[in-house]
A.B. asks: 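This structure is in structure tokens; I'll ask about it shortly.
By convention in this document, chain letters (A, B, ...) are assigned in the order of the sequence lines, proteins followed by strands, and residues within each chain are numbered from 1.
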Amino acid sequence: DAGITQSPRHKVTETGTPVTLRCHQTENHRYMYWYRQDPGHGLRLIHYSYGVKDTDKGEVSDGYSVSRSKTEDFLLTLESATSSQTSVYFCAISEADRDAEAFFGQGTRLTVV
Amino acid sequence: AQKITQTQPGMFVQEKEAVTLDCTYDTSDPSYGLFWYKQPSSGEMIFLIYQGSYDQQNATEGRYSLNFQKARKSANLVISASQLGDSAMYFCAMRDPLTGNQFYFGTGTSLTVIP
């Protein structure tokens with residue numbers, strides 16, 4: 001199994017508070033991703049990174065920011081959490097090869113009340 | 001924009017029977033890769049099978065196979081001899097053909113295997 005760990009696994013937070021989710025990998029993969037999963041929407045990309053300090057937006061990036069200061073860590077920050085950001089968040093990693101699959105973390109269930 | 005479509009929100013199959021989960025995709029690039037993932041009720045995402053656009057044969061992995069029809073832009077997952085443990089959500093995905101930077105996912109199909 002790919003070494004990818006998300007923390008925390010569960011979090012409940014209040015509207016308007018900042019929240020940071022962490023993704024840590026031990027595989028030295030170049031690409032790291034943050035997805036959110038909501039019923040009826042599948043997985044939607046929030047942000048991704050293709051190297052240290054190299055990040056780009058996905059289709060649902062509003063309200064989120066990311067940072068990657070080390071190869072192994074990719075942080076997702078909700079600057080001011082809203083109820084619409086209640087979701088399950090998945091981190092994924094992949095190698096650069098076009099035929100390489102993505103490996104997923106266990107997911108973080110975030111509830112904004 | 002790249003797009004993955006899964007038109008079956010839910011499917012049922014009798015144990016030991018085969019089932020086909022549909023996936024169509026949209027891209028104008030001739031080189032691309034397609035992936036299938038399984039998500040059981042425990043929540044983890046499990047990679048099942050990969051098909052490259054230039055692969056001459058349909059991909060197979062154990063009881064999983066891909067019915068790849070390039071002209072129709074479809075990459076249907078076939079599960080043979082269904083087992084109770086196959087009950088899960090299944091997602092089809094495509095890696096961005098132009099940049100390889102991201103994966104696009106369909107909305108998934110929920111499969112229930114009936115004893």
A.B. asks: A/Tyr50 vs A/Tyr31 aromatic rings, parallel, tilted or perpendicular, using cut-offs 30° and 60°?
C.D. replies: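 Tilted.
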A.B. asks: Group every Ile, Leu, Val, Met, Phe, Trp and Tyr by side-chain heavy-atom contacts under 4.5 Å, then state whether A/Val19 and A/Val12 land in the same group.
C.D. replies: no
A.B. asks: Please identify, among A/Ala96, A/Ala100, A/Ser49, A/Gly58, the residue contributing the most non-hydrogen atom pairs under 4.5 Å to chain B.
C.D. replies: A/Ala100
A.B. asks: Under 3.5 Å, is there a donor on one side chain and an acceptor on the other for A/Thr77 and A/Thr20?
C.D. replies: yes
A.B. asks: Please state whether the side chain, the backbone, both or neither of A/Asp56 comes within less than 4.5 Å of a heavy atom of chain B.
C.D. replies: neither
A.B. asks: So that I can tick it off, tell me whether A/Asp54 and A/Arg68 are bridged by a salt bridge, with the cut-off set at under 4.0 angstrom between side-chain N and carboxylate O.
C.D. replies: no
A.B. asks: So which part of A/Gln6 gets closer than 4.5 Å to some heavy atom of chain B, the side chain, the backbone, both or neither?
C.D. replies: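 It is neither, since no heavy atom gets under 4.5 Å.
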A.B. asks: With a 4.5 angstrom heavy-atom cut-off, could you sort out which part of B/Gln51 is near chain A: side chain, backbone, both or neither?
C.D. replies: neither
A.B. asks: Is any residue of residues 32-40 of chain A within less than 4.5 Å of chain B by heavy atoms, and which ones?
C.D. replies: A/Tyr33, A/Tyr35, A/Gln37, A/Gly40
A.B. asks: Hey, could you give me each pair passing ring-ring contact (aromatic ring centres under 6.0 Å, His included) that has a residue in residues 41-86 of chain B? Not counting sequence neighbours.
C.D. replies: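 For residues 41-86 of chain B, and leaving out neighbouring residues, the ring-ring contact (aromatic ring centres under 6.0 Å, His included) pairs sorted by first residue read B/Phe35-B/Tyr50, B/Tyr37-B/Phe47.
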A.B. asks: Based on non-hydrogen pairs under 4.5 Å, which of A/Gly105, A/Ala102, A/Ala92 is most in contact with chain B?
C.D. replies: A/Ala102
A.B. asks: Checking heavy atoms, do the side chain of A/Leu43, its backbone, both or neither come under 4.5 Å from chain B?
C.D. replies: both
A.B. asks: So for B/Thr99, is it side chain, backbone, both, or neither that comes closer than 4.5 Å to the heavy atoms of chain A?
C.D. replies: backbone
